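Worksheet: the structure to be examined is printed underneath.
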Amino acid sequence: MVEDKASSAGKDDGAARECNLLKLYVKGVSFEAPAVPGILFGHEQPVLQFDVSSTYKLSAEASAKLEEVYAVDVRVTVQALAGDRTLFLIEVEQGGLFELVGYAADDKDAILRTKAPEMLYPYARELVSSLVGRAGFPRLQLKPFDFEKGYVRAMQEYRDAMAESASKA
């Protein structure tokens, strides 16, 4: 459970705002290492390609039993290339069910695109690291990902596109 006491301190009602992780689950895992085991005995320095994204939606099933519950998914894709050979390709989709308490409707989108994925990402990182190690490669520890910065960038791109569209009309 994460409480946002600093943000709620300025509100008149004084109600605490919470982003509660109710359930954690793995939605999907894909691991391919087409050149194993031969590639384990030497290859050039690999180049890693990394992508992370997140999505959310209202979970009708969970919301029927509780208040508003959102399913949030974080997708991490990692590909290691050595020259023209793929060492491995991993896609992990880590999910969680979140209950938001005390947030205004306008704030929910930001929370579900920043705080919720930040809670799920360490689990996805650990799963990627474990899969790489189990395949015989040296352990891989992915760097932290700043979902807040990604959200701010996406919102700015959206505003720029809307302004450009309006100027053309």
Side-chain angles (χ1 to χ4, degrees), residues 1-4 18-100 103 108-158 161:
M1 174 174 61
V2 174
E3 292 186 28
D4 190 355
E18 299 175 1
C19 179
N20 299 319
L21 175 59
L22 302 176
K23 193 74 170 169
L24 187 67
Y25 55 88
V26 174
K27 191 166 182 180
V29 175
S30 173
F31 180 88
E32 298 174 30
V36 167
I39 199 77
L40 298 175
F41 296 102
H43 52 79
E44 56 189 89
Q45 182 66 29
V47 174
L48 290 179
Q49 296 176 343
F50 170 76
D51 185 54
V52 65
S53 62
S54 68
T55 59
Y56 74 87
K57 66 179 180 178
L58 185 65
S59 174
E61 300 87 2
S63 294
K65 297 182 190 301
L66 303 167
E67 293 295 320
E68 283 187 355
V69 176
Y70 294 87
V72 179
D73 297 321
V74 171
R75 178 182 218 113
V76 177
T77 304
V78 181
Q79 184 174 17
L81 301 165
D84 62 345
R85 298 179 80 182
T86 296
L87 300 180
F88 59 81
L89 173 61
I90 300 173
E91 292 180 347
V92 169
E93 197 165 357
Q94 180 69 55
L97 292 176
F98 289 85
E99 174 188 44
L100 300 182
Y103 285 97
K108 288 181 181 181
D109 180 66
I111 296 302
L112 292 166
R113 292 186 187 276
T114 58
K115 280 190 179 185
E118 284 172 357
M119 285 193 251
L120 297 175
Y121 183 67
Y123 295 99
R125 285 177 59 194
E126 192 282 325
L127 185 52
V128 167
S129 179
S130 177
L131 290 168
V132 169
R134 289 171 183 257
F137 294 101
R139 300 276 294 184
L140 173 66
Q141 185 63 43
L142 298 177
K143 292 180 182 179
F145 185 81
D146 190 343
F147 288 92
E148 180 80 28
K149 198 179 283 185
Y151 178 73
V152 168
R153 184 175 52 245
M155 292 306 293
Q156 185 60 47
E157 289 172 2
Y158 174 76

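Computed from heavy atoms alone, side chains included, the values below leave out hydrogens, waters and symmetry copies. Everything numeric in this text was worked out from a predicted model, so none of it was measured.
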*Which atom pair, heavy atoms only, marks the closest approach of Ala110 to Thr114?*
O-OG1, 2.5 Å
*asked:* Do Asp73 and Tyr56 have side chains that approach each other closer than 4.5 Å (heavy atoms only, starting at C-beta)?
replied: no
_Contact between Thr77 and Leu89 at the side-chain level, heavy atoms closer than 4.5 Å - yes or no?_
yes
*Nearest 0.5 Å, what's the CG-CG distance between Leu97 and Asn20?*
12.0 Å
*Taking the side chain as every heavy atom from C-beta outward, state whether Phe98 and Val69 have any pair of such atoms under 4.5 Å apart.*
no
_Non-hydrogen atoms of Gly96 and Leu21 that approach each other most closely_ = CA-CD1, 4.0 Å
*Is the backbone N or O of Glu148 less than 3.5 Å from a side-chain atom of Asp146, with the two atoms forming a donor-acceptor pair by type?*
yes
*Evaluate the side-chain proximity of Leu100 to Glu18: yes if any heavy-atom separation is below 4.5 Å, no if none is.*
no
*Measure up the Phe147 and Tyr121 rings against each other and bin them: parallel (under 30°), tilted (30 to 60°), perpendicular (over 60°).*
perpendicular
*Atom of Arg139, atom of Ser130 and distance for their closest heavy-atom approach*: NH1-CA, 3.7 Å
*Show the numbers, then the answer: is there a side chain to side chain donor-acceptor pair (under 3.5 Å) between Ser129 and Arg125?*
CA-CA 6 Å; Ser129 179; Arg125 285 177 59 194; over 6 Å; no
*Once you round to the nearest 0.5 Å, how far does CD of Glu126 lie from CD of Gln141?*
9.0 Å
*Please check if the side chain of Gln94 supplies one atom and the backbone of Arg75 the other of a donor-acceptor pair under 3.5 Å.*
no
*Can you name the closest pair of heavy atoms from Val72 and Ala116 and give their distance?*
CG2-CB, 3.9 Å
*asked:* Would you say that Glu118 contacts Phe145 through its side chain, given a criterion of any heavy-atom pair below 4.5 Å between the two side chains?
replied: no
*Between Lys108 and Glu68, is there a salt bridge with N-O shorter than 4.0 Å?*
yes
*Taking C-beta and beyond as the side chain, do Val128 and Tyr123 meet within less than 4.5 Å on heavy atoms?*
no
_Pro46 side chain reached by Leu81 side chain, heavy atoms, under 4.5 Å_ = no
*Please name the pair of heavy atoms, one in Val132 and one in Pro138, separated by the smallest distance, quoted to 0.1 Å.*
CG1-O, 3.3 Å
_I need the minimum non-hydrogen distance between Ile111 and Cys19, along with the two atoms involved._
CG2-SG, 3.9 Å
*Side chains of Tyr151 and Asp109: closer than 4.5 Å at any heavy-atom pair?*
yes
